[in-house]
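The structure appears right after this line, and notes come after that.
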There are 2 protein chains.
Amino acid sequence: MGRWEPNARGRLEQAALELYSDRGFEQTTVAEIAKRAGLTERTFFRHFADKREVLFAGGGALQELFVGTVADLPDSVVPIDAVAAALEAVAAGFEGRHAYARERQAVIAANAELRERELIKLASWSAALTDTLRRRGVGDPAASLIAEAGIAVFKVAFERWVEEPDPRDLVQLIRESLDELKAATAGKCGSA
Amino acid sequence: MGRWEPNARGRLEQAALELYSDRGFEQTTVAEIAKRAGLTERTFFRHFADKREVLFAGGGALQELFVGTVADLPDSVVPIDAVAAALEAVAAGFEGRHAYARERQAVIAANAELRERELIKLASWSAALTDTLRRRGVGDPAASLIAEAGIAVFKVAFERWVEEPDPRDLVQLIRESLDELKAATAGKCGSA
DNA sequence: ACGGTCGATGACAGTGACTGACATCGCCAA
DNA sequence: TTGGCGATGTCAGTCACTGTCATCGACCGT
């Protein structure tokens, strides 16, 4: 029970999600999380920059998948389609994790500070995507706008996916959302 | 010099911007802000929910202008055009405040926590806009997507406006950005 | 003028997030 | 065995933020 139990980081992540889910984010102290993981508060802060980050540290791999997908596509693919492909690749990464995503998202939705952190993570995706698009020769500000729009599509689709207890196909939700955005910016659909 | 100097709130806002601008956000304590404004730390927290909010409290009026503009437009106006009109109305509100906006934005850009707060404010605009669009009969998820895309247009245009020391016309920057987004997403309704 | 009410402020103690400095523990290589 | 080294523990300290109560200053009715 002493030091050197394996996977300290993972234990902290799991303990945090459980406590945030049970008592709420604000009602949970870092000391409690650490204790449940068999560690000390100081060690928590060696693994995670702050109390919120423990819920978001896993997102780094997704961002790499996301950007990598766009970068690997042939230049002949138009930007909006490249973004669509990347979104679908990320969506596929959530396969079979609906229950986990749902619990985590419920915790985040219940607290403003956690929503803030989530938004800045998505903004970081958007910035990385903007960069990748520029490298493909997309101009400014088109690159930023396509990236922001793409992230918006993901956000909306993901929200819908998580809302329902009965998991639909996230990839398809993303396709639908993108089509709706295309229609709306063309000024053709959705008006009263 | 005692109590009852007028405009305590405004003095706190100005003192905070000056100190954040000079020393940086993290290097400034709330006690210092309060002292410069001739008040105490406790009074600061009676006016602003936290150390960041002092930079964002003025945004409420803008959100009302923004949503109000959309709500007042005749239903015959297509959603994307209604959003464009609202963005331009807000842009007009920044007339002659370029120097202030520039200083404030520099402070925000220099600190991750402040960027987080800015993102959640924009997300709040987006949510309010989504609501207003729904009331105009726009369906889901089109309402969310148009709102998110509109905010993205504003974000990109505003960034460009603030970047340059020599102020261009924000309204025109917004028009250009919206056109770029339309071009990038151009396609038929329901296309793959 | 007087006393009373009320909102804004001050004073103070307390909690908890986060940090820096240093000691300690367990693994691995020389 | 021993020394290095990374991960952890311990402890003190700062600062954001909160609850509570006292105090001040303006306005109001008498």
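Letters A, B, ... are given to chains in the order of the sequence lines, protein chains preceding strands, and every chain is numbered from 1. Owing to the predicted nature of the structure, the values given are computational and were not obtained by experimental measurement.
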Self-check item: B:Asp50 vs B:Arg46, nearer the 5' end of DNA chain D by closest nucleotide
Solution: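 First, find each residue's nearest nucleotide; the 5'-ward one identifies B:Asp50.
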Hey, is the side chain of [X] poking within less than 4.0 Å of OP1 or OP2 on [N], counting only N and O atoms?
X: A:Thr40; N: D:dG9; value: yes
X: A:His47; N: D:dT8; value: yes
X: A:Thr29; N: C:dG16; value: no

Quiz item: B:Leu39 or A:Phe44: which one's nearest nucleotide on DNA chain C is closer to the 5' end?
Solution: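 Looking at the nearest nucleotide for each, B:Leu39 comes out on the 5' side.
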What is the distance from [atom1] of [X] to [atom2] of [N], rounded to the nearest Å?
X: B:Phe48; N: D:dT18; atom1: CZ; atom2: P; value: 14 Å
X: B:Lys51; N: D:dT18; atom1: NZ; atom2: P; value: 14 Å
X: B:Lys35; N: D:dA16; atom1: NZ; atom2: P; value: 15 Å
X: B:Glu41; N: C:dA13; atom1: CD; atom2: C1'; value: 13 Å
X: A:Phe25; N: C:dG16; atom1: CZ; atom2: P; value: 14 Å
X: A:Arg42; N: D:dG6; atom1: CZ; atom2: C1'; value: 15 Å
X: B:Arg9; N: C:dT9; atom1: CZ; atom2: C1'; value: 15 Å
X: B:Phe45; N: D:dT20; atom1: CZ; atom2: C1'; value: 17 Å

Self-check item: From CD (A:Glu176) to CG (A:Leu178), nearest 0.5 Å
Solution: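 One gets 11.0 Å once the value is rounded to the nearest 0.5 Å.
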Quiz item: Across the strands shown, which category fits B:Ala8 at heavy-atom distances under 4.0 angstrom: base, sugar-phosphate, nothing?
Solution: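 Sugar-phosphate only.
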Donor-acceptor pairs under 3.5 Å, side chain of residues 149-165 of chain B to any protein atom, not counting sequence neighbours: which ones?
{"residue": "B:Lys155", "atom": "NZ", "partner": "A:Glu148", "partner atom": "OE1", "Å": "3.3"}
{"residue": "B:Lys155", "atom": "NZ", "partner": "A:Glu148", "partner atom": "OE2", "Å": "3.4"}
{"residue": "B:Trp161", "atom": "NE1", "partner": "B:Arg168", "partner atom": "O", "Å": "3.0"}

Exercise. May I ask you to decide whether A:Arg175 forms a salt bridge with A:Asp179, counting only side-chain N to carboxylate O separations under 4.0 Å?
Key: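 No, this pair does not count.
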Quiz prompt | Under-4.0 Å salt bridge between A:Lys121 and A:Glu53 | solution =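 Result for this pair is yes, salt bridge flagged.
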Exercise. Go through A:Glu41 and A:Lys35 one step at a time and tell me if the salt bridge (charged side-chain N to carboxylate O under 4.0 Å, His left out) criterion holds.
Key: CA-CA 8 Å; A:Glu41 190 182 6; A:Lys35 186 172 183 181; over 6 Å; no
